[in-house]
2 protein chains.
Amino acid sequence: MPRSGAEARARLREAALDLYGEQGYEATTTAEIAARAGVTERTYFRHFADKREVLFDGEAELRDVMREAIASARDEGPLATVLRAYAAAVPLFVAGRPVAVRRAAIIATSPALAERAHAKSASLTEALVAALRERGIAEPTARLAARAGAAVFERASQAWDGESAAGLEALIARAEVELRALTENRLG
Amino acid sequence: MPRSGAEARARLREAALDLYGEQGYEATTTAEIAARAGVTERTYFRHFADKREVLFDGEAELRDVMREAIASARDEGPLATVLRAYAAAVPLFVAGRPVAVRRAAIIATSPALAERAHAKSASLTEALVAALRERGIAEPTARLAARAGAAVFERASQAWDGESAAGLEALIARAEVELRALTENRLG
DNA sequence: CTAGTTGACGTCAGTCACTGACACTTCCGT
DNA sequence: ACGGAAGTGTCAGTGACTGACGTCAACTAG
């Protein structure tokens, strides 16, 4: 049957999303996920490193898109370049939104999952740092820019999840303005 | 013997730091740590939630100091307030530096530990957000300021670990200037 | 078309992090 | 002295995760 484990992997992803949502993360076992996906527990661990990782697939794609965006960006300062990369990833965020909503609800119920989410975000930031360095930006500056950019994006994303009549790109620009206001010490 | 588990807890901390350093994090078991500390494994888990947590004690103290600093700061804008809080914690960082160095070396060897470190940092940031909100700062602004402040501090801390003739407080001020330059789009 | 190769999967046995329940001892206030 | 609270030991158990080995289907070279 299997020459590419892609289908099994996809079934595992869906099974986990379902079960974590229905019974809660801690209450479901990896064996249950595997059973619903029609494979054994061992196969689960061949596809995903641990019980949490199944919720964080597709991270590589996001990272690649943003890395490419940084590599091919025009010169306009490190922070602006980082924000361009987030803007370039907007289609991915839009496409993945339905799943992201379910996932976020699950993550909010478990500190262990929140921890992994932070780690993923940090890993993404490191990738951006590396991409900035490829453009000749010094390490400390690159890291500061990447982290500031992540803060800006999180703020934009938060607004997007809220009322948000605006699109993500506009919200990113707006959040950048907010950050500039903060650094200029205007009272918020 | 035991009326306050403080000594056992301290012995567990030292034992873990030693063993993680000698054999590596993954190669040491919680049973080993407990044995070296002269207690049972069960007692370990009464003091620390899991195998990693033993490396991240004293985080509460840091959080309290920074929270207090924010509560009693004078008005000068959210980001400046956050940076005051980091500055207020400088003595803690100085005092804890020897242990912090050993801990950092261990953390660098294990993704699981890095994950926990990020979670701790995120939890601290959330505490700062709450403290800012107590001062009447709106949630999104507070979170953006807290995250930007964390980025600034990390950059200062990085410089401190490096050559760093300067003190941490001066490096924080310097990093704040760097962030301002980034938001003003000056090429870095 | 066949034989050898490769990659995904199943099976099994084992380790270790972590938990609940219960009994015991020491400390402290009354 | 007495009773309760807090820290600990003991024991049994669950579940995440791993290594080793065998199998079978899909591809590939000849």
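These figures come from a predicted structure and were not determined experimentally. Convention: sequence-line order gives letters A, B, ...; per-chain numbering from 1. In what follows, every heavy atom counts, from backbone to side chain, and hydrogens, waters and symmetry copies are set aside.
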Between C:dC18 (C1') and A:Asp50 (CG): distance, integer Å: 16 Å
Do A:Leu124 and A:Leu55 sit in one hydrophobic cluster, given that two such residues count as connected whenever their side-chain heavy atoms are within less than 4.5 Å of each other, even indirectly? no
Are there any protein N/O atoms within less than 3.5 Å of an N/O atom in nucleotides 10-13 of chain C, and if so, which ones and at what distance?
unit_1, atom_1, unit_2, atom_2, d
C:dG10, OP2, A:Thr40, N, 3.0
C:dG10, OP2, A:Thr40, OG1, 2.8
C:dG10, OP2, A:Thr43, OG1, 2.3
C:dG10, N7, A:Arg46, NH1, 3.3
C:dG10, O6, A:Arg46, NH2, 2.3

Single-linkage hydrophobic cluster B:Leu62~B:Phe48, side-chain heavy atoms < 4.5 angstrom: no
Nearest-nucleotide pick for B:Thr30, side chain only, options being C:dA17, D:dC17, D:dT8: C:dA17
Tell me whether the count of non-hydrogen atoms from other residues, nucleotides or ligands lying under 6.0 Å of CZ in B:Arg84 goes above 12. no
Measure from the side chain of B:Lys51, starting at C-beta and using heavy atoms only, and say which of D:dC17, D:dT8, C:dA17 lies closest. C:dA17
Indicate yes or no: at least one non-hydrogen side-chain atom of A:Tyr44 is less than 4.5 angstrom from one of A:Arg9. no
Are there more than 12 heavy atoms of other residues, nucleotides or ligands under 6.0 Å from atom CD of B:Glu61? no
From CD1 of A:Ile33 across to C1' of D:dA16 the rounded distance in Å is 11 Å
Can you tell which of B:Glu184, B:Glu176, B:Glu178 makes a salt bridge (Lys or Arg N to Asp or Glu O under 4.0 Å) with B:Arg180? B:Glu176
Is there a side-chain polar atom (N or O) of A:His47 under 4.0 Å from OP1 or OP2 of C:dA8? no
Between P of D:dT8 and CZ of B:Phe48, the distance in whole Å: 11 Å
In whole angstrom, give the distance that lies between atom CD of A:Glu53 and atom C1' of D:dT18. 17 Å
Determine the interplanar angle of the B:Phe153 and B:Tyr86 rings, folded into 0 to 90°, and report it as parallel if under 30°, tilted if 30 to 60°, perpendicular if over 60°. parallel
Take atom CZ of A:Phe45 and atom P of C:dT15, then tell me their distance rounded to the nearest Å. 18 Å
Side chains of A:Phe45 and A:Glu53: closer than 4.5 Å at any heavy-atom pair? no
Heavy-atom neighbours of B:Arg133 CZ exceed 12 at 6.0 Å: no
Rounded to the nearest Å, what distance is computed from the CD atom of residue B:Glu32 to the P atom of nucleotide C:dT15? 14 Å
Quick one: B:Arg52 CZ to D:dA16 C1', roughly how many Å, whole number? 13 Å
Nearest whole Å is fine: how far is C:dC16 P from B:Gln23 CD? 12 Å
What's the angle between the local helix axes at either end of the helix from C:dC1-D:dG30 to C:dT30-D:dA1, using five pairs per end and rounding to 10 degrees? 20°
